[in-house]
Amino acid sequence: MKRYGVVPAILVLIVGRWIFAAEVGPAVDGNVIRFGAVGDGKADDTTAIQKAVDSKAGLIQFPKGVYRITKPIVIDLDKVGYTSILGGAVAQIVMAGPGPALRFVGTHMKSADPQGFSRDVWDRQRMPLVDAIAIEGAHPQALGIEASGTMELTLTRVHVRRVLHAVHFVGNNRNVMISNCHFYENHGVGVFYDDVNLHQSNITGCHISYCDGGGIVSRAGNVRNIHITGCDIESNMSPSTPPTANVLIDCTGSLYGTGEVAITGCTIQHNSPAPDSANIRIIGRSKPSAKQALVREGNVTITGNVLSDVQVNVHLKECRGVVLTGNTFWMGYAHNLLVEDCSNIVIGVNNFDRNPRYDYGDSLETKNSLVVRNSEDCTLSGLHITNVWREPAGLLLENCRRMNVTNCTILDCDNAGLLLRNVTNSRVSGCLIRDDRTDKPAASLVVVGGKDNMIVENLERK
């Protein structure tokens, strides 16, 4: 009996599989070649790829090849069900027409609250995936990937080049994951939150470079919980395009703004020739409400980043609740830090330096100044500021109130180390402020106007 005991088990397994197949139907092979795609870079594979998606195969596979399309491939999630686009890192889609190469369309137009989901989102639409595929534009209005109404869109190991926007969010989306992607040399934005309602998005371990309209950009909309971590974000601006930034958050015209943002552990750099270029720029004024005449968006943490080679390394305008700590700054051609019309800004231990290793050519033109203007209720503590040139001071506080400046080191800056101009109800204490250059030593601390300030226990050059 023991010799043949395995036979019934095999029969049960075979019969079980037959019954399962009879119930759900035969599996559909989602290989796009099976649906008529050629993948030679010349034939128009649009129809064949759309047929593969519409077949409801779910797993849409692209063998090695170049797949030229002329219209967007529409992934209507409620119609086709769970869908993954897989390229194995050997397939490329060339978008030779206007619009996105891949357009994901879902029906989720609510929040991420579990009580707000319709059954079809979980049963048919959750976590559409694009993995290990390249997209390249061959039309001025080509885009990479567009999403609306999606839940848990996940983009991994995706390469997008020479399109308008690499990733374009519109309408309503929730819980987005973008990781290990390369968005390079695009003439629009790398990742664009375009007046979108989108909460919970993570961008990690990505290269986002040489996109003329900005690296990661959020304009208007209702956006919360952007987490940008461990990315290399460089040179996402052009001398021939309007001012933008490697990371730009612009709440102008929004009823809700963008907030709850973490930018951590990134290298964010280049390029200085672009007009009013910035590495991180946050414009926090959204539309006033009936209850509030002034709304400053914020709740932002910027920590552990390397920032250099732009006109302004970090620019905060009309923001509230921003923490800036543990970053390395240099080569701010105009400013390393510019804070305007803000409140409740906490600037902790950061290094604002002029490292001789980088002092050559045009970099000698950098000023590297820190300016806080028309702001209130801010704390600046533990700043290390060195060699601010051709500016009124290393650190300028102008038209400010209730500022707390403590334990800062300000060394060898032109004209003054610390300049308080029309500052009231503020404190400066425990700072080391010196200029020990022998040619033209600057004043350590200069106060112009203002009143009711406490300035004590600072070590200055007399």
Side-chain angles (χ1 to χ4, degrees), residues 13-14 16-97 99-106 120 122-139 142-147 150-163 166-167 177-183:
L13 181 62
I14 293 172
R17 285 183 176 178
W18 179 82
I19 294 172
F20 177 79
E23 289 177 348
V24 302
V28 178
D29 181 359
N31 188 320
V32 296
I33 300 298
R34 178 178 176 273
F35 291 86
V38 179
D40 64 354
K42 298 176 182 179
D44 187 345
D45 289 327
T46 308
T47 300
I49 296 170
Q50 189 65 62
K51 283 182 179 178
V53 171
D54 292 344
S55 73
K56 305 180 182 180
L59 199 65
I60 309 303
Q61 297 171 301
F62 287 75
K64 183 178 180 179
V66 178
Y67 299 85
R68 179 177 172 272
I69 62 174
T70 54
K71 294 192 299 184
I73 302 302
V74 179
I75 301 96
D76 185 336
L77 295 166
D78 197 48
K79 175 182 174 183
V80 302
Y82 303 140
T83 301
S84 296
I85 307 293
L86 306 180
V90 296
Q92 175 177 301
I93 298 173
V94 173
M95 183 51 174
L102 302 175
R103 174 177 282 148
F104 286 89
V105 180
D120 62 316
W122 293 124
D123 287 351
R124 305 182 59 76
Q125 300 180 31
R126 61 100 184 99
M127 209 181 84
L129 172 69
V130 182
D131 179 66
I133 198 163
I135 298 172
E136 185 158 331
H139 187 281
L143 290 90
I145 299 169
E146 182 182 275
T150 65
M151 175 62 181
E152 298 176 347
L153 176 70
T154 302
L155 311 179
T156 58
R157 303 183 297 178
V158 175
H159 168 87
V160 184
R161 178 171 176 257
R162 290 187 173 179
V163 298
V167 179
M177 298 287 289
I178 302 174
S179 65
N180 303 100
C181 292
H182 302 267
F183 305 140

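Everything quoted here is computed from the prediction, not taken from an experiment.
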Name all residues meeting the side chain to side chain contact (heavy atoms under 4.5 Å, CB included) criterion together with [X]; count only those two or more places apart in sequence or in a different chain, and write none if there are none.
| X | answer |
| --- | --- |
| Ser179 | Thr156, Thr204 |
| Arg157 | Asp131, Ala132, Asn180 |
| Asp54 | Gln50, Lys79, Val80 |

Under the salt bridge (charged side-chain N to carboxylate O under 4.0 Å, His left out) rule, collect the residues that match up with Arg162, sequence neighbours excluded.
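Checked Arg162 against salt bridge (charged side-chain N to carboxylate O under 4.0 Å, His left out); matches are Glu185.
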
Just to verify, what does Glu136 make a salt bridge (charged side-chain N to carboxylate O under 4.0 Å, His left out) with, not counting sequence neighbours?
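Testing Glu136 for salt bridge (charged side-chain N to carboxylate O under 4.0 Å, His left out), a comparison that skips the adjacent residues, returns Arg161.
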
Side-chain contact, heavy-atom cut-off 4.5 Å: [X] with [Y]?
| X | Y | result |
| --- | --- | --- |
| Ile135 | Leu102 | yes |
| Asp120 | Gln125 | yes |
| Pro128 | Leu77 | yes |

Counting distance only, does the side-chain N/O of Arg103 pair as donor-acceptor with the main-chain N or O of Glu146 below 3.5 Å?
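Not at all, since once roles are kept as given, no pair shorter than 3.5 Å links the two residues.
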
Can you tell me how far the CG atom of Leu153 sits from the CZ atom of Phe104, to the nearest 0.5 Å?
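Reported to 0.5 Å precision, the distance equals 6.0 Å.
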
Measuring from Asp45:CG to Phe62:CZ, what's the distance to the nearest 0.5 Å?
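Rounded to the nearest 0.5 Å, the CG-CZ separation comes to 8.5 Å.
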
Residues in ring pair (Phe, Tyr, Trp, His ring centres under 6.0 Å) with His182, at least two apart?
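Ring pair (Phe, Tyr, Trp, His ring centres under 6.0 Å) check on His182 returns His207.
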
Donor-acceptor contacts, no H, no angles, side chain residues 63-73, under 3.5 Å, sequence neighbours left out:
| residue | atom | partner | partner atom | Å |
| --- | --- | --- | --- | --- |
| Tyr67 | OH | Pro63 | O | 2.7 |
| Thr70 | OG1 | Asp44 | OD2 | 2.8 |
| Thr70 | OG1 | Thr46 | OG1 | 3.4 |

Ignoring hydrogens, what is the shortest heavy-atom contact between [X] and [Y]? Give both atom names and the distance.
| X | Y | result |
| --- | --- | --- |
| Ala48 | Ala37 | CB-N, 3.3 Å |
| Arg124 | Asp78 | NE-O, 2.7 Å |
| Ile178 | Cys181 | CG2-SG, 4.0 Å |
| Ala101 | Ile93 | CB-CG2, 4.2 Å |
| Gly30 | Phe35 | CA-CE1, 4.3 Å |
| Val94 | Ala138 | CG1-CB, 3.7 Å |

Extract all donor-acceptor atom pairs below 3.5 Å that involve side chains of residues 81-92 and protein atoms in other chains or at least two apart in sequence.
| residue | atom | partner | partner atom | Å |
| --- | --- | --- | --- | --- |
| Tyr82 | OH | Trp122 | O | 2.3 |
| Tyr82 | OH | Asp123 | O | 3.2 |
| Thr83 | OG1 | Gly81 | O | 2.8 |

